[in-house]
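Quantities reported herein were computed from a predicted structural model and do not represent experimental measurements.
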Amino acid sequence: MPRRVLITGAAGLIGQYLFRSASRWASGWNVHGVTRADIDLTDHLSVERLWQTIRPTAVIHCAALSRTKDCEQNPGLARQVNVEATTHLATLSADIPFLFLSSGEVFDGARGWYGEADEPRPVNIYGKTKLEAEHIVLQGPRHTVLRIVLTAGTSHNGDRSFVEDMCRAARVGREVLLYADEYRCPLPAGTIARAVWELLARDQPGLYHLGGRERLSRWEIGEALLPWYPELSHRLVKGSARNHTGAPRPSDLSLRCDKIQGLLSFPIPGFREWLSTRSQRGDDLWEYLTP
């Protein structure tokens, strides 16, 4: 039987990298991607027609309403996209592998280095909808939830990663405020894509965390990027999360990744370590990880 994988959110950052890396890491898979322009995943009848056309044997569900501000401003839409559309796809995928990209935002960020057994306590709408969807997805015996945190990379339109957001702001003369007391464990999208393909091939469903080996503050991340993006020079401003206004943001979303590391064929890198390796080799900064 042909192996057909459906990727939702194919125009998103990780979705794009999944396609770019499929020929390298997903041998034997017939890859079908859908974007928001192709289909409204909240339209269940359209999704069912698509399902009958493709008849996937696996699903990688990347699509989401992921901007925290958007979720806070429209919680109904956030639930419709992040929970209801996910529930429908998970139901259609009852008998096949279904990999759902979730987020470390399910935690409150009070202490960091969260493992899969730690109790989630989301502090914003995005995290709450992701956690609700997780509970539904994990009811499937062949279903997997992969929590990630902060993803670097370059997208077709230059508007998908936190690095692109920073550079866009700098190029128009705006300051880039980075908190020195807000911590993440960033990874390049190519590394995440390779891990997703390997996890799908392993067929060991469950809950996994995937983040970089280093716990870095937002300010440290910005400093690490300066050699690659000179436009950020003199635009980075150090701030404190204590002065943050707007949607709630967890202060520390570092993740422990021992469980998934035991399944992967490559070591999960730290962000600065990875940047240094790419510099020494002269590779494209955002190319997918090589052995």
Engineer: If we check side-chain contact (heavy atoms from CB on, under 4.5 Å) with Val47, which of these qualifies: Val34, Asp40, Leu89?
Structural biologist: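 Among the candidates, only Leu89 passes.
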
Engineer: How long is the gap from SG on Cys167 to CG on Leu225, to the nearest 0.5 Å?
Structural biologist: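 The CG atom of Leu225 is 7.5 Å from SG of Cys167, to the nearest 0.5 Å.
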
Engineer: Using the salt bridge (charged side-chain N to carboxylate O under 4.0 Å, His left out) rule, take Arg272 and Glu214 through it: C-alpha gap first, then chi angles, then the decisive distance, then the call.
Structural biologist: CA-CA 8 Å; Arg272 288 182 298 200; Glu214 290 177 288; 3.0 Å; yes

Engineer: Output, in order, the C-alpha distance, side-chain angles, deciding distance and verdict of salt bridge (charged side-chain N to carboxylate O under 4.0 Å, His left out) for Arg194 and Glu198.
Structural biologist: CA-CA 6 Å; Arg194 180 178 178 183; Glu198 290 199 8; 3.2 Å; yes

Engineer: With under 30° as parallel and over 60° as perpendicular, where do the rings of His209 and Phe107 fit, or are they tilted in between?
Structural biologist: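 Ring orientation, 0 to 90° scale: perpendicular.
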
Engineer: Hey, quick one: are Ile136 and Val145 part of the same hydrophobic cluster, counting side-chain heavy atoms closer than 4.5 Å, chains of contacts allowed?
Structural biologist: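 No.
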
Engineer: I want to check something: taking the side chain as every heavy atom from C-beta on, are His143 and Pro205 in contact at a cut-off of under 4.5 Å?
Structural biologist: no

Engineer: So Thr151 and Tyr17, do their side chains get closer than 4.5 Å, heavy atoms only?
Structural biologist: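 A side-chain contact is absent here, since even the closest heavy-atom pair is not under 4.5 Å.
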
Engineer: What's the separation between atom CG in Leu146 and atom OG in Ser102, rounded to the nearest 0.5 Å?
Structural biologist: 8.5 Å

Engineer: Do Arg4 side-chain atoms and Asn30 backbone N/O form a donor-acceptor pair below 3.5 Å?
Structural biologist: no

Engineer: Is the side chain of Thr42 donor-acceptor paired with the backbone N or O of Ala85 at a distance under 3.5 Å, no angle test?
Structural biologist: no

Engineer: Hey, is the main chain of Leu207 close enough, under 3.5 Å, to the side chain of Lys259 for a donor-acceptor pair?
Structural biologist: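 Yes.
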
Engineer: With side chains defined as the heavy atoms from C-beta onward, is the minimum distance between Arg249 and Glu182 less than 4.5 Å?
Structural biologist: yes

Engineer: Got a second to check how far Leu150's CG is from Ser254's OG, nearest 0.5 Å?
Structural biologist: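 Taking CG in Leu150 and OG in Ser254, the distance rounds to 12.5 Å.
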
Engineer: Would you check if Glu132 and Arg79 make a side-chain contact, meaning some heavy-atom pair closer than 4.5 Å?
Structural biologist: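 Glu132 vs Arg79: side chains touch.
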
Engineer: Partners of Tyr179 by ring-ring contact (aromatic ring centres under 6.0 Å, His included), sequence neighbours excluded?
Structural biologist: His244

Engineer: Would the distance check show the side chain of Asp181 and the main-chain N or O of Ser240 forming a donor-acceptor pair, the cut-off being under 3.5 Å?
Structural biologist: no

Engineer: Is Ile39 close to Arg49 at the side-chain level, that is, under 4.5 Å between some pair of heavy atoms?
Structural biologist: no

Engineer: If you define the side chain from C-beta out and look only at heavy atoms, does anything of Glu105 sit under 4.5 Å from Pro250?
Structural biologist: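 Yes, their side chains come closer than 4.5 Å.
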
Engineer: Measuring from atom OG1 of Thr129 to atom CG of Leu77, what distance do you get when rounded to the nearest 0.5 angstrom?
Structural biologist: 10.0 Å

Engineer: Just to verify, what does Ile54 make a side-chain contact (heavy atoms from CB on, under 4.5 Å) with, not counting sequence neighbours?
Structural biologist: Leu6, His32, Leu50, Pro56

Engineer: Quick one: are Ser66 and Lys130 in side-chain contact, heavy atoms under 4.5 Å?
Structural biologist: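 No - every pair of side-chain heavy atoms lies 4.5 Å or more apart.
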
Engineer: When you measure from the side chain of Thr8 to the backbone N and O of Cys62, does any donor-acceptor pair fall under 3.5 Å?
Structural biologist: yes

Engineer: Check for a donor-acceptor pair, side chain of Ser21 on one end and backbone N or O of Arg24 on the other, with a separation under 3.5 Å.
Structural biologist: no

Engineer: Please check if Leu65 and Ile125 belong to a single hydrophobic cluster, counting links between Ile, Leu, Val, Met, Phe, Trp and Tyr side chain heavy atoms closer than 4.5 Å.
Structural biologist: no

Engineer: Stepwise, does the side-chain contact (heavy atoms from CB on, under 4.5 Å) test hold for Ile14 with Ile148?
Structural biologist: CA-CA 11 Å; Ile14 295 174; Ile148 59 176; 3.3 Å; yes

Engineer: Donor-acceptor pair, Arg142 side chain versus Phe98 backbone, under 3.5 Å?
Structural biologist: no

Engineer: Decide whether a cation-pi geometry holds between Arg256 and Trp113; the criteria are a distance under 6.0 Å from NZ or CZ to the six-membered ring centre and an angle within 45° of the ring axis.
Structural biologist: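 No cation-pi geometry.
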
Engineer: Hey, does Phe266 have a side-chain heavy atom less than 4.5 Å from the side chain of Thr191?
Structural biologist: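 Yes. Closest side-chain heavy atoms under 4.5 Å.
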
Engineer: Treating Tyr114 as the side-chain partner and Glu119 as the backbone partner, does any N or O pair qualify as donor plus acceptor under 3.5 Å?
Structural biologist: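 No, Tyr114 side chain to Glu119 backbone: no donor-acceptor pair under 3.5 Å.
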
Engineer: For the OH atom of Tyr229 and the CG atom of Leu236, what is their distance to the nearest 0.5 Å?
Structural biologist: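 Rounded to the nearest 0.5 Å, the OH-CG separation comes to 13.0 Å.
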
Engineer: Report the distance from atom CG of Asp203 to atom CD1 of Ile96, rounding to the nearest 0.5 Å.
Structural biologist: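 Rounded to the nearest 0.5 Å, the CG-CD1 separation comes out at 11.5 Å.
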
Engineer: Run through Arg184, Arg218, Arg111, Arg215 and flag the one making a salt bridge (Lys or Arg N to Asp or Glu O under 4.0 Å) with Asp252.
Structural biologist: Arg215

Engineer: For His135, which of Leu131, Val137, Leu138 qualifies under side-chain contact (heavy atoms from CB on, under 4.5 Å)?
Structural biologist: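 Option passing the side-chain contact (heavy atoms from CB on, under 4.5 Å) with His135: Leu131.
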
